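The block underneath contains the structure these notes are about, expressed in C-alpha cells.
Being a predicted model, the structure only gives us computed values, none of them experimental. Whatever order the structure lists ligands and atoms in, that order sets their numbers, starting from 1. Numbers here simply count residues along the sequence, with the first being 1.
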Amino acid sequence: MQVVRTVEALRTARKELRGSVGFVPTMGALHKGHLSLIQRAKAENEHLIVSIFVNPTQFLQGEDLDAYPRKELADTTICLRAGVDILFMPSIDEMYERDELSIGAPAIRGYILEGEKRPGHFDGMLQIVMKLLNLSRATRAYFGKKDAQQLALVTQMVKNYFMDVEIVPCEIVRDERGLALSSRNSYLSEAGKTKALCLSKSLKEATRLIRQNELNVTTIKSSMHIVLQEAERVEYIAIVDQEFRPLSSIERGNTMILVAVWIEKTRLIDNLWL
Ligand code: PAF
C-alpha cells in the first residue's frame, strides 16, 4: 500500500494503476461501516484508493471540526489489511487555496433536512468530493446510504457535471443492537449509546406500522415521535420520496424515512429506504 500525502504523489501513484479503480472517500476514524464500503470496492474493482481527510469546508462554525476523531495509525492498519492500493491523506493546504471557486448545492434538495439544519455543509462536501473524484479518476466511488442526502447530491453532481464515475450506494451497517455506525458515536457515553437506539427503534416502529398497512405519514410520524422521546431533541422526522419530496402517504419502493436527533451533545442521523 502506498500512503501519499500530496496531490502530486497521488497523481503519480494513480498513473501506475491499470484497469478499474474503486474509490472510498472518508474522514477517517474508520469503523465497520467504512470497512464494508472498502471491502465492496475491493471486490468490484481491480484497484482501490481510500482517502482520509477531515474536510473543514463541510463543517459549520461551532461544529465539531477540532474534536472530530483522528486515528491515523489505526486507520492506516485497517487500510493495509483491507488491501488498499493507495491511501491518500492530504493536509488542508494540499487540498485548498485561498479564494477558491466553489460549488453550490442545489437550491431545493441541498437546503432541506440536513441542508436546512446545516446550511453550507453540502457546498463544502460537494467541493471536496469533486476534488477527490477528479484526483482518483475512479471507475466507481462508494457512499453509504446513512448519509442519504449526501449520496443523492453526489449522484446529482456527477450527473450535472457529466463526470465519468459510477456512484455506488452501500447499505447502512449497524451494531448488534441496531445503532447505525458513525464516527460520531465515539462521542457518546455508554448510556448515550443506549439512548441512541431510539433512532433505529423509531424506524422499526415505522416498518411495523407499514407492515400493518398503515400508510398515513402523519400517523407514522406521531408514533415515531413517541419512540424518539428518549432523545434530548428531535430535529426532524421526514418521510419523502426518492427525490426528497414530502409524501402524505407511503409509496412502497419510493419512500425514505429520515430522522435526525441530538443525544447528549451529539447530532445523529439514521434512515430507512422502503
Ligand atoms: O461522508 C463523509 O465521510 C464525508 O462527507 C466525505 C464524503 C468523505 C467528504 O468529506
Side-chain angles (χ1 to χ4, degrees), residues 5 7 10 22-38 40-41 48-60 63-72 74-76 78-79 82 84 86-96 100 102-105 109-110 113-115 117-136 138 140-158 161 163 165-173 180-187 258 260 266-271:
R5 294 180 185 274
V7 166
L10 174 59
F23 174 54
V24 181
T26 80
M27 298 208 298
L30 302 181
H31 50 66
K32 284 183 182 153
H34 296 113
L35 194 59
S36 76
L37 305 184
I38 292 173
R40 180 156 176 203
L48 177 53
I49 304 178
V50 171
S51 66
I52 296 181
F53 180 62
V54 182
N55 173 38
T57 65
Q58 70 186 74
F59 286 79
L60 271 57
E63 285 190 343
D64 56 342
L65 174 62
D66 294 333
Y68 199 85
R70 286 159 173 89
K71 298 183 176 170
E72 203 178 290
D75 289 349
T76 306
I78 291 172
C79 289
V84 172
I86 303 174
L87 174 57
F88 181 47
M89 295 198 285
S91 65
I92 294 174
D93 288 346
E94 199 60 36
M95 295 310 286
Y96 288 107
E100 281 218 4
S102 56
I103 300 179
R109 292 209 303 176
L113 307 175
E114 290 302 289
K117 300 295 175 196
R118 304 179 69 195
H121 162 70
F122 286 132
D123 298 353
M125 181 279 291
L126 291 170
Q127 186 180 22
I128 195 66
V129 170
M130 167 77 95
K131 285 171 187 264
L132 293 168
L133 290 176
N134 286 341
L135 285 172
S136 66
R140 299 180 190 87
Y142 295 77
F143 288 83
K145 285 184 176 179
K146 187 164 94 56
D147 293 300
Q149 250 180 308
Q150 165 170 287
L151 170 61
L153 295 179
V154 169
T155 307
Q156 183 175 354
M157 177 176 76
V158 164
Y161 286 87
M163 294 166 73
V165 55
E166 181 191 339
I167 301 302
V168 183
C170 300
E171 293 308 321
I172 297 175
V173 179
L181 298 189
S182 159
S183 305
R184 291 193 166 100
N185 292 351
S186 66
Y187 301 148
L258 305 108
T266 301
R267 187 171 181 282
L268 298 174
I269 58 172
D270 200 349
N271 66 68

- Query: What part of Thr26, side chain, backbone, both or neither, has a heavy atom within less than 4.0 angstrom of ligand 1?
  - Reply: backbone
- Query: At what distance is the nearest protein heavy atom to atom 3 (O) of ligand 1, and which residue and atom is it?
  - Reply: Met27 CG, 3.6 Å
- Query: Quick one: do Arg267 and Glu114 make a salt bridge, cutoff under 4.0 Å?
  - Reply: yes
- Message: Would you compute the distance between atom CD1 of Ile49 and atom CG of Leu135 and round it to the nearest 0.5 angstrom?
- Response: 9.0 Å
- Message: Regarding ligand 1, does Asn55 bring an N or O atom to under 3.5 Å of one of the ligand's N or O atoms?
- Response: no
- Any chance you could measure Leu30, atom CG, to Glu72, atom CD, to the nearest 0.5 Å? 11.0 Å
- Task: Looking only at non-hydrogen atoms, find the nearest pair between Ile172 and Asp270 and report the distance.
- Result: CD1-OD1, 3.9 Å
- Note on the structure: Under 4.0 Å from one or more heavy atoms of Gln150, ligand 1 contributes atoms 1 (O), 2 (C), 4 (C), 5 (O), 7 (C)
- Message: Taking 4.0 angstrom as the limit and counting only heavy atoms of Ile128, give me the atoms of ligand 1 inside it, by number and element.
- Response: 9 (C), 10 (O)
- Query: With atoms numbered from 1 as shown, which atoms in ligand 1 lie under 4.0 angstrom from a non-hydrogen atom of Gln58?
  - Reply: 4 (C), 5 (O), 9 (C), 10 (O)
- Message: Which label fits Tyr68 and Phe59: parallel for a plane angle under 30°, tilted from 30 to 60°, or perpendicular past 60°?
- Response: perpendicular
